[in-house]
Amino acid sequence: MSDGLDSLTVEEQMTYLRKGAVEIIHEAELEERLRRSAATGRKLRVKAGFDPTAPDIHLGHTVLIRKMKHFQDLGHTVIFLIGDFTGLIGDPSGRTLTRKQLTREEIEANAETYKKQIYKILDPETTVIDFNSRWMLELGTDGFVTLCSRYTVRQILERDDFEKRLSENRPIALHELLYPIVQGYDSVALEADVELGGTDQKFNLLVGRELQRSYGLPPQIVMTMPLLEGTDGVQKMSKSLDNYIGIYDDPADMFGKVMSISDAIMYRYYELATDIPVRTIETWRREVEAGRRHPMELKKGLAETIVADYHTAEAAASARDAFETVFARGGLPEDIETREVAASAVRVRLPKLLAELGLAASVAEAGRLIKSGAVTLNGDRVTDPTVTVDHASPGEYLFRVGKRRFMRMVVR
RNA sequence: GGACAGGUGGCGGAGUGGUUAAACGCACCAGACUGUAAAUCUGGCGCUCCUUGCGGGCUACGGAGGUUCGAACCCUCCCCUGUCAACCA
């Protein structure tokens, strides 16, 4: 899809880059820089920062990464910045306490994980990966103090989060105030032309502008992207809320998770997590509203598109087949995990067995699931938690817990 | 260092000596209804053991001790958070 995009006019490039963005500060500046870039051949330096502690990328992150890709498509330099120094602070949220310091090895390992994932979207040949400890450590304590002198407490406290916590009498650790400064200085060190971030990053991105100005550099253009809601459809997608779709989720999982989102949020996923043009999405939406298209079909299409993006078209097609088999026709998935167990004379109670097989979090939990009718053994619903399973002779058992947990146990 | 307020389950938030594994709400899980959607309704929501019983054991209300037949609740010390005060005495 990157073919021929570098021959677009500046107007066309602007349209391409605007897609999905919440805010661009300022459009005129971006346009000007694109124009100059076209004239001089100097590529824009586009930066986005990532947390070194959480290298598991989910669909929410891809909204930003896709935007990076758009710049890449236009021939600009994209810098994937791993905030290994910033990671010591942790972006202030009021919830996060000081994070544990990662070792060099852990950071390297996480970086590798990142690479594997982002190269599903970004071009491995041209993407620049950098670490902010590179210049932060070099800065030294004295340099850091000097850096801090360029910003005032009042300016930092403008940040909504700080203001809120202050008024609610909740603590703010001193080092949290430094986070925006460090992130802003990254833009100085990298001489960034553009910084991308989620809407929640706006303050930090703007600090970058101020600091660059203070250092006599042209202030970066700030572009914010929406935060994609998680599978619950309400809160932003995040690992800690367990409402995320990881791009490394296996095809069946990924397909199922997409299918579980609400119809209302489906269009947003289409818009932010796929490359399908907005016009097409709008057409579909109207068709659904007019009753000419079934929302479930549209959602299956979404799930298939997303799975294909991070796996393969074949994997996506078979995930769809499996989904239809299991849920539309009440059948069984093809690839049920099988556990082999040696025969023994011991009769094991079902709750304990389910816990041991990993089908329930604990024995107590398994008992509850059984009582609530969530468990079937070889297709028969079991509601008595005292049922035991015979291990004595070879045989095969098929467990189903809830709608989506299956396991086959073979006794030999 | 001082005065005052506060620290309860994933989160919010009741409870202030005795059926309190801890009200209620959110989140979460399961069931029903469906399109594995949403909404709605129902049940559940620390761990473990067994003879599954309004059963036994263990763990839990910032931490450590103590008082008591019995403590989240009272006392002591400690840790943490916030508010006020702080300098011209």
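Just so it is clear, the structure is predicted and the values come from calculations on it, not from any experiment. Each chain gets a letter, A, B and so on, in the order its sequence line appears, and its residues count up from 1.
Going from atom CZ of A:Arg170 over to atom P of B:G82 covers 11 Å, rounded to whole Å. Distance A:Lys352 NZ to B:C49 C1': 8 Å, rounded to the nearest Å. Atom NE2 of A:His294 is separated from atom C1' of B:U36 by 14 Å (rounded to the nearest Å). Rounding to whole angstrom units, CZ of residue A:Arg404 and C1' of B:C28 are separated by 13 Å. With rounding to whole Å, A:Leu354 atom CG is found 14 Å from B:C47 atom P. Taking atom CD1 of A:Ile370 as the reference point, atom P of B:C45 lies 15 Å away to the nearest angstrom. In this structure, A:Arg368 places its CZ atom 12 Å from C1' of B:C28, rounding to the nearest Å. B:A27 atom P lies 9 Å from atom CG of A:Asp232, rounded to whole Å.
With P as the reference atom, B:G6 and B:A30 are 41 Å apart, rounded to whole Å. Rounded to the nearest Å, the gap between the P atom of B:A22 and that of B:C33 is 31 Å. One P atom belongs to B:C88, the other to B:A5, and the distance between them is 28 Å to the nearest Å. With C1' as the reference atom, B:C75 and B:A89 are 37 Å apart, rounded to whole Å. B:G65 and B:G57 are spaced 25 Å apart, taking the C1' atom of each and rounding to whole Å. Taking the C1' atoms as reference points, B:C73 lies 13 Å from B:A14, given to the whole Å. Comparing the P positions of B:C61 and B:G10 gives a spacing of 11 Å, expressed to the nearest Å. B:U36 and B:A71 have their C1' atoms separated by 47 Å, given to the nearest Å.
Residue A:Lys299 has its side chain nearest to B:A37 when only B:G82, B:A37, B:U52 are considered. Residue A:Glu365 has its side chain nearest to B:C29 when only B:C29, B:A38, B:U36 are considered. Closest to the side chain of A:Val363, out of B:C49, B:G35, B:A37, is B:C49. Closest contact between the side chain of A:Phe323 and the listed nucleotides B:A32, B:G35, B:U36 involves B:U36. The side chain of A:Thr386 lies closest to B:U52, out of B:G31, B:U52, B:C47. Listed nucleotides: B:G35, B:U81, B:A30. Nearest to the side chain of A:Asp263: B:G35. Each of B:C49, B:A37, B:C47 was ranked by its minimum atom distance to the side chain of A:Ser262; first place goes to B:A37. Considering only side-chain atoms of A:Lys371, the nucleotide from B:U52, B:G31, B:A30 that sits closest is B:U52.
Taking a cutoff of 4.0 Å between a charged side-chain nitrogen and a carboxylate oxygen, A:Arg66 and A:Asp309 qualify as a salt bridge. Note on A:Arg293 versus A:Glu297: no salt bridge recorded, every NZ/NE/NH1/NH2 to OD/OE distance being 4.0 Å or above. A:Arg279 and A:Glu282 are not joined by a salt bridge, as no carboxylate oxygen comes within less than 4.0 angstrom of a charged side-chain nitrogen.
Along RNA chain B, the nucleotide nearest to A:Arg381 and the one nearest to A:Met259 differ in position, and the one closer to the 5' end is contacted by A:Arg381. A residue-by-residue look at A:Asp384 and A:Ala361 shows that A:Ala361 has its nearest nucleotide of RNA chain B further toward the 5' end.
For an aromatic pair to be called close, the ring centres must be under 6.0 Å apart, and A:Tyr270 with A:Trp284 satisfies this. Proximity of the aromatic rings of A:Tyr310 and A:Tyr248 is defined here by a centroid distance below 6.0 angstrom, and this criterion is not met. Here the two rings, on A:Phe399 and A:Phe406, have centers that are 6.0 Å apart or farther.
Applying the Watson-Crick and G-U wobble criteria (two distances, each under 3.5 Å), B:U42 pairs with B:A30. With a 3.5 Å ceiling on both atom-pair distances, B:G9 lacks any Watson-Crick or G-U wobble partner. Checking B:U20 for Watson-Crick or G-U wobble geometry (two distances, each under 3.5 Å) identifies no partner in any strand. Pairing for B:A71 is absent, with no Watson-Crick or G-U wobble pair whose two atom distances lie under 3.5 Å. Base pairing of B:A85 is not made with any nucleotide, judged by Watson-Crick or G-U wobble geometry with both donor-acceptor distances under 3.5 Å.
Distances shown here put every side-chain N or O of A:Lys257 at or beyond 4.0 Å from the OP1 or OP2 atom of B:A37. Side-chain N/O atoms of A:Ser260 include none lying less than 4.0 angstrom from OP1 or OP2 on B:A37. Between A:Arg405 and the phosphate of B:A30, there is a side-chain N or O to OP1/OP2 separation shorter than 4.0 Å.
Within the 4.0 angstrom heavy-atom criterion, base atoms lie near A:Gly256.
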Tell me, with the steps shown, if A:Glu324 and A:Lys300 meet salt bridge (charged side-chain N to carboxylate O under 4.0 Å, His left out).
CA-CA 10 Å; A:Glu324 287 170 347; A:Lys300 281 182 188 167; 3.1 Å; yes
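Heavy-atom neighbours of A:Lys19 NZ from other residues, nucleotides or ligands within 6.0 Å: above the threshold of 12.
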